2 protein chains.
Amino acid sequence: MVGKRLAGRRQGVTLSEVARRAAVSEITVSRILRNTGPIAEATRLRVLQAVRETGYVPNRLAGGLASSGSKLVGVIVPSLTNIVFPEVLGGIRAALVGTGFQAVIGVSDYDLAIEEELIASLLAWRPEAMVLAGFEHTPAARAMLDNSAVRVAELMDIDSAPIDLAVGHSHWQAGHDSGRYLVGRGYRRFGYVGHDWMADRRAKLRHDGLVAALAEASLALVESVRNVGPSSTQAGRDALAALLARGSTPDVVVFSNDDMALGGVFHCLGAGIRPKDDLALFGFNGLDIGQALPMPLSTMRSNRFLTGKTAIDRVLAQRERPGKTEIIDTGYQILPGATA
Amino acid sequence: MVGKRLAGRRQGVTLSEVARRAAVSEITVSRILRNTGPIAEATRLRVLQAVRETGYVPNRLAGGLASSGSKLVGVIVPSLTNIVFPEVLGGIRAALVGTGFQAVIGVSDYDLAIEEELIASLLAWRPEAMVLAGFEHTPAARAMLDNSAVRVAELMDIDSAPIDLAVGHSHWQAGHDSGRYLVGRGYRRFGYVGHDWMADRRAKLRHDGLVAALAEASLALVESVRNVGPSSTQAGRDALAALLARGSTPDVVVFSNDDMALGGVFHCLGAGIRPKDDLALFGFNGLDIGQALPMPLSTMRSNRFLTGKTAIDRVLAQRERPGKTEIIDTGYQILPGATA
DNA sequence: GTCTATAATGACAGCGCTACCATAGCCCCT
DNA sequence: AGGGGCTATGGTAGCGCTGTCATTATAGAC
């Protein structure tokens with residue numbers, strides 16, 4: 001008696017039904033649908049017709065189990081509301097198109113414990129690769145990744161030693177280059193407006209690089225405000241107002257990112273402060289919206305799309321985890337803009 | 001001879017290895033990990049210890065196949081760079097937390113053919129439910145959804161008949177209400193700035209509602225510019241400049257959404273046009289960034305988070321597709337702002 | 001002390017595919 | 001005639017779990 005567990009269960013069309021209808025064996029249908037092995041054209045057409053007639057939808061759970069390979073790539077990003085991560089995902093998608101692979105996306109909310117859960121849960125789908133943001137993971141997460149032997153790409157950051165592959169750019173260096181650039185343009189009294197460093201370690205790295213560059217020019221931040229909580233335009237606006245209320249008179253304020261800097265521009269526009277003429281403003285990321293401002297934001301563009309795409313390209317090109325780690329720098333460029 | 005297919009294949013820890021180590025049967029381990037059935041506390045601890053020691057990660061492909069249920073929810077959004085969709089995903093995640101379900105996200109790029117592919121590909125994972133944006137699908141996509149018998153939630157829009165469940169608000173009505181509101185505030189010469197309607201049918205519905213409201217007040221658009229391509233701040237900025245260059249003198253411009261309206265505000269700020277005093281601007285969506293402007297954007301807030309959350313809550317509350325369709329209105333609110 | 005409920009565990013047969021090997025027919029060499 | 005190398009197809013045994021039935025201990029009822 002076949003199918004005793006079918007009772008009462010919604011049951012779809014299976015391979016064997018298609019095979020029966022096309023008068024071939026299951027394996028032949030399977031081969032046709034996966035484009036493997038030699039198949040007579042007449043058979044192919046007959047089977048595809050049967051597939052159409054039955055509305056057959058392959059069961060990837062079964063397929064993945066049988067072939068021990070899910071054709072899945074697990075991706076964990078800290079946030080989707082920070083536009084840089086959707087842009088990374090765009091690069092990932094671009095690299096995945098036509099490969100038969102599919103991304104499964106998790107969002108950690110900048111919380112390592114959630115990231116750990118997501119890693120466990122995504123590994124349960126036996127992905128071919130895992131893509132994470134940054135180098136910080138819980139020890140348990142780290143252990144799972146090591147155990148799994150899947151390829152692991154850590155994105156955005158290249159300032160630490162990766163598990164397997166890192167793709168991104170140096171945030172410390174970017175902060176440092178910002179500082180040198182602005183010092184070179186004649187600014188001397190630096191203010192800093194940032195957001196929560198606990199969650200966003202890369203923002204802190206940029207800050208540290210900036211401070212180091214200032215020190216090399218015998219300068220230091222004259223004022224610094226850090227907002228608790230994530231970056232946002234409103235937070236940047238409030239924080240700049242708070243910084244200026246303290247009475248010191250910076251000639252330039254560096255923001256932890258463009259979202260914050262945008263808020264800074266808005267504060268200036270609302271308070272009658274002329275960006276650059278009265279107070280220079282500098283961001284990080286090079287978001288499109290910053291370049292659409294009446295005065296384009298002076299900032300640094302990071303290559304998010306390229307980062308995502310490069311990571312997937314590399315990982316798919318070499319499926320087994322190689323013996324040694326690799327670091328790929330996708331760089332950044334200064335956007336001069338009109339606010340600094 | 002067991003495991004003849006193991007040769008050369010990366011092989012993880014399986015249930016049976018954990019079972020052997022804890023000296024129980026596989027099914028007992030399975031029960032413990034799924035919290036079902038009566039289990040002695042001592043056994044549970046022993047098994048969990050064995051799980052920890054081996055670094056066992058369950059294989060969901062096998063689990064899903066055996067239980068014909070993947071604990072997956074397929075989600076297809078048109079875009080991730082338009083911030084409203086990440087916000088919907090936020091609501092979906094919030095509703096999924098603690099349920100054991102996981103979302104698999106696909107991005108269609110506003111392309112129905114891509115949506116169709118994604119539907120096929122997500123259905124292959126035997127999800128418990130599918131969440132889509134809007135009512136427009138290819139006939140083949142529609143057929144697959146009908147065949148699959150999974151629950152289908154169509155989000156954002158409630159202006160058509162759903163397959164199963166629709167959650168969102170009426171875009172026509174929102175456009176209509178915008179028009180009535182602005183007429184009520186004394187505006188008479190309406191301009192419209194929009195983006196591509198082919199891809200974004202909801203934008204067209206809002207436009208049509210607006211035009212209908214104007215007609216009821218014996219008014220009509222005095223000028224209208226539609227950008228080809230997706231909405232963006234830069235597009236809004238360019239389109240408003242183009243509209244004003246045509247020489248007509250609107251007293252208010254309604255934008256297809258906040259991204260476009262933001263560009264409009266930027267154009268005004270750059271061109272010395274005072275928002276509201278010289279030209280009123282009205283958006284749609286109620287994005288945070290619009291409210292952080294020097295003059296908060298006058299707009300309409302749609303409840304994206306609530307939309308995502310409500311859809312999942314409903315779908316999980318009733319797993320079988322019910323006989324009749326349901327429509328849930330998550331509404332919208334006018335944000336008076338300072339630009340109209 | 002027997003009988004029935006309940007708690008705790010296990011045996012076994014699939015879930016729907018695909019890897020692996022085998023087979024059959026055919027053509028071309030030597 | 002025999003052999004080697006194709007092309008096209010099929011049989012079979014899993015992949016690693018879980019649903020469905022047992023089965024055995026243990027407690028409580030009378």
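Everything numeric in this text was worked out from a predicted model, so none of it was measured. Naming: A, B, ... by sequence-line order, numbering from 1 per chain.
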* Rounded distance in Å - CG (L61(A)) to C1' (dT18(C)) -> 14 Å
Donor-acceptor pairs under 3.5 Å, side chain of residues 94-103 of chain B to any protein atom, not counting sequence neighbours: which ones?
from, atom 1, to, atom 2, distance (Å)
T99(B), OG1, L96(B), O, 2.5
T99(B), OG1, F101(B), N, 3.1
Q102(B), OE1, S121(A), OG, 2.6
Q102(B), OE1, R60(B), NH2, 3.0
Q102(B), NE2, S121(A), OG, 3.3

* **Residues from residues 24-49 of chain A lying under 4.0 Å of DNA chain D - heavy atoms** => V24(A), S25(A), I27(A), T28(A), R31(A), P38(A), I39(A), A40(A), T43(A)
Return a table of donor-acceptor pairs under 3.5 angstrom between the side chains of residues 36-47 of chain B and protein atoms on other chains or two or more places apart.
from, atom 1, to, atom 2, distance (Å)
R46(B), NH1, A22(B), O, 2.3

* Between C1' of dC15(D) and CZ of R60(B), the distance in whole Å -> 18 Å
* **side-chain hydrogen bond (donor to acceptor under 3.5 Å, both in side chains) against D200(A), all qualifying residues, sequence neighbours excluded** => H195(A)
* Return the set of residues passing side-chain hydrogen bond (donor to acceptor under 3.5 Å, both in side chains) with E326(A) (not counting sequence neighbours), or none when no residue passes. => R314(A)
* Structure fact -> N59(B) CG to dG14(D) C1', in whole Å, measures 14 Å
* Asked: Is any side-chain N of the basic residue among R21(A) and E53(A) closer than 4.0 Å to the acidic one's carboxylate O?
  -> yes
* Once you round it to whole Å, what is the distance between C1' of dC17(C) and CZ of R126(B)? -> 11 Å
* Asked: Over how many whole Å does the gap from L65(B) atom CG to dC15(C) atom C1' extend?
  -> 4 Å
* **Residue list, side-chain hydrogen bond (donor to acceptor under 3.5 Å, both in side chains) with T330(A), at least two apart or on another chain** => T307(A)
